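All figures in this text were calculated on a predicted structure; none of them were measured in a lab.
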Amino acid sequence: NAFDDIRDLTVTIPENVQSIASFAFDSCTSLKSVSFPSDLKSLGYRSFCNCTALQQIIIPKNVQSIGMEAFLECNTLSKFEIKSDVLNDTGSQIFSGCSNLKTVTISGKLSTIPDGMFSGAQYITSITIPETVTAIEKSAFQNCSSLKQVVIPKNVQSLGSFAFDGCTSLKSVSFPSNLKSIGYRSFYNCTALQQAEMPENVESVGMESFAGCSAMTKFTTRAVNAN
């Protein structure tokens with residue numbers, strides 16, 4: 001807790017720093033800006049939790065992991081950009097309570113949306129998933145209750161269990177032709193979702209994938225080998 005409760009802080013983290021520990025800047029409530037080094041590889045659990053004056057974050061290209069609740073309750077955070085090409089491990093609830101954060105920009109060439117990456121990001125209304133993504137993993141967007149629409153990129157082949165579970169504002173979703181599997185409860189309790197169309201290459205649809213979608217009026221499948 002090296003900087004716990006320090007006021008009026010602007011931070012530039014030196015170039016040789018590769019990791020930021022859990023709780024490192026927790027409750028630095030006047031921290032307005034932080035610049036990360038290009039060699040940074042990891043951000044720890046709750047590393048910037050409750051930094052209530054923090055306005056923007058840019059994740060550099062070499063970051064591999066972001067810990068659970070890293071930016072929990074950063075309620076003035078309005079810009080968040082992920083430039084990383086190698087991010088493959090994230091905890092859940094990273095953006096939970098970030099009430100001013102409506103979208104996240106992913107400019108890096110990610111191959112996956114990791115487990116729980118946007119889980120609990122209840123104020124995000126839109127997100128653009130990069131074309132480089134081939135898999136959306138378990139609980140990636142679980143309980144993103146303000147998310148209204150999703151376009152899943154053409155190279156995505158699998159949606160993990162609970163991927164969009166509890167996205168209660170989600171009205172439309174577009175599936176790519178290369179999609180092969182939809183996981184268990186992947187769209188469970190998406191109560192605003194009105195229709196879905198399965199592309200022809202889908203091979204498996206998990207149990208209760210669309211259970212609880214009470215507004216669903218149309219479900220079409222073109223898949224020939226689904227089970």
Side-chain angles (χ1 to χ4, degrees), residues 2-3 9-26 28 31-49 51 53-72 74 76-96 98 100-121 123-141 144 147 150-160 163 176:
F3 298 94
L9 187 65
T10 297
V11 172
T12 300
I13 298 174
E15 279 299 318
N16 59 339
V17 173
Q18 295 190 9
S19 64
I20 297 174
S22 298
F23 304 103
F25 295 90
D26 179 20
C28 290
L31 177 64
K32 293 185 177 180
S33 67
V34 57
S35 298
F36 296 122
S38 59
D39 289 335
L40 185 68
K41 293 183 178 179
S42 66
L43 294 166
Y45 169 65
R46 288 196 171 191
S47 48
F48 291 88
C49 172
C51 290
L54 190 61
Q55 297 177 359
Q56 68 175 28
I57 287 289
I58 298 175
I59 301 295
K61 65 179 181 178
N62 292 310
V63 171
Q64 298 173 9
S65 66
I66 300 175
M68 184 171 70
E69 299 178 347
F71 299 94
L72 179 73
C74 292
T76 60
L77 187 64
S78 60
K79 179 181 178 181
F80 199 103
E81 182 175 1
I82 299 170
K83 292 186 174 182
S84 175
D85 296 334
V86 293
L87 183 64
N88 57 28
D89 181 26
T90 62
S92 61
Q93 309 288 325
I94 293 172
F95 307 105
S96 184
C98 296
N100 205 37
L101 187 65
K102 308 302 182 185
T103 189
V104 173
T105 301
I106 304 175
S107 55
K109 297 177 181 179
L110 296 184
S111 60
T112 64
I113 302 295
D115 287 8
M117 183 173 180
F118 293 95
S119 173
Y123 298 101
I124 289 179
T125 59
S126 64
I127 182 118
T128 301
I129 303 171
E131 292 292 331
T132 51
V133 169
T134 60
I136 296 174
E137 298 186 352
K138 180 181 177 182
S139 303
F141 295 92
C144 289
L147 188 64
V150 171
V151 176
I152 298 173
K154 63 182 180 180
N155 294 315
V156 171
Q157 296 186 21
S158 63
L159 300 177

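For Lys32, the NZ atom is loosely surrounded, since the number of other residues' heavy atoms within 6.0 Å does not exceed 12.
Residues Ile82 and Thr105 are not in side-chain contact: their nearest non-hydrogen atoms beyond the backbone lie 4.5 Å or more apart.
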Exercise for review: Could you walk me through whether Thr125 and Leu147 pass the side-chain contact (heavy atoms from CB on, under 4.5 Å) test, one step at a time?
Suggested key: CA-CA 4 Å; Thr125 59; Leu147 188 64; over 6 Å; no
**Study point:** Pair Phe71-Phe80, ring-ring contact (aromatic ring centres under 6.0 Å, His included): steps then yes or no
**Key:** CA-CA 10 Å; Phe71 299 94; Phe80 199 103; 5.2 Å; yes
Point to revise | side-chain contact (heavy atoms from CB on, under 4.5 Å) between Leu72 and Arg46, worked out | key: CA-CA 7 Å; Leu72 179 73; Arg46 288 196 171 191; 3.4 Å; yes
Review point. Which is it for Phe25 and Phe36 under the ring-ring contact (aromatic ring centres under 6.0 Å, His included) test, yes or no, and what are the steps along the way?
Key: CA-CA 13 Å; Phe25 295 90; Phe36 296 122; 8.3 Å; no
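For Cys98 against Leu77, the heavy-atom pair with the smallest separation is SG-CD2, 4.5 Å. Heavy atoms only, all atoms of each residue included: Cys51 and Leu31 are closest at SG-CD2, 4.1 Å. Taking each heavy atom of Thr103 and Ile124 in turn, the nearest pair found is CA-CG2, 4.3 Å.
Atom CD1 of residue Ile94 and atom OG of residue Ser119 lie 9.0 Å apart, to the nearest 0.5 angstrom. Phe23 contributes atom CZ, which lies 5.0 Å from atom OH of Tyr45 (distance to the nearest 0.5 angstrom). The distance from atom OG of Ser19 to atom CG of Asp39, rounded to the nearest 0.5 Å, is 12.0 Å. To the nearest 0.5 Å, atom OG of residue Ser139 and atom CG of residue Asp115 are 7.0 Å apart. The OG1 atom of Thr76 lies 6.5 Å from the CG atom of Leu54; values are rounded to the nearest 0.5 Å. Interatomic distance, Ile113 CD1 to Glu137 CD, rounded to the nearest 0.5 Å: 9.0 Å.
The main-chain N or O of Gly44 is never found under 3.5 Å from a side-chain atom of Ser22 such that the two would form a donor-acceptor pair. Between the side chain of Ser47 and the main chain of Ala24, no donor-acceptor pair closer than 3.5 Å is present. Proximity of a side-chain donor or acceptor of Asp85 to a complementary backbone N or O of Lys61 within less than 3.5 Å is not detected.
Gln64 and Ser42 are not linked by any side-chain donor-acceptor pair at a separation below 3.5 angstrom, with hydrogens and angles left out of the test. A donor atom on one side chain and an acceptor atom on the other are not found under 3.5 Å apart for Ser78 and Gln56.
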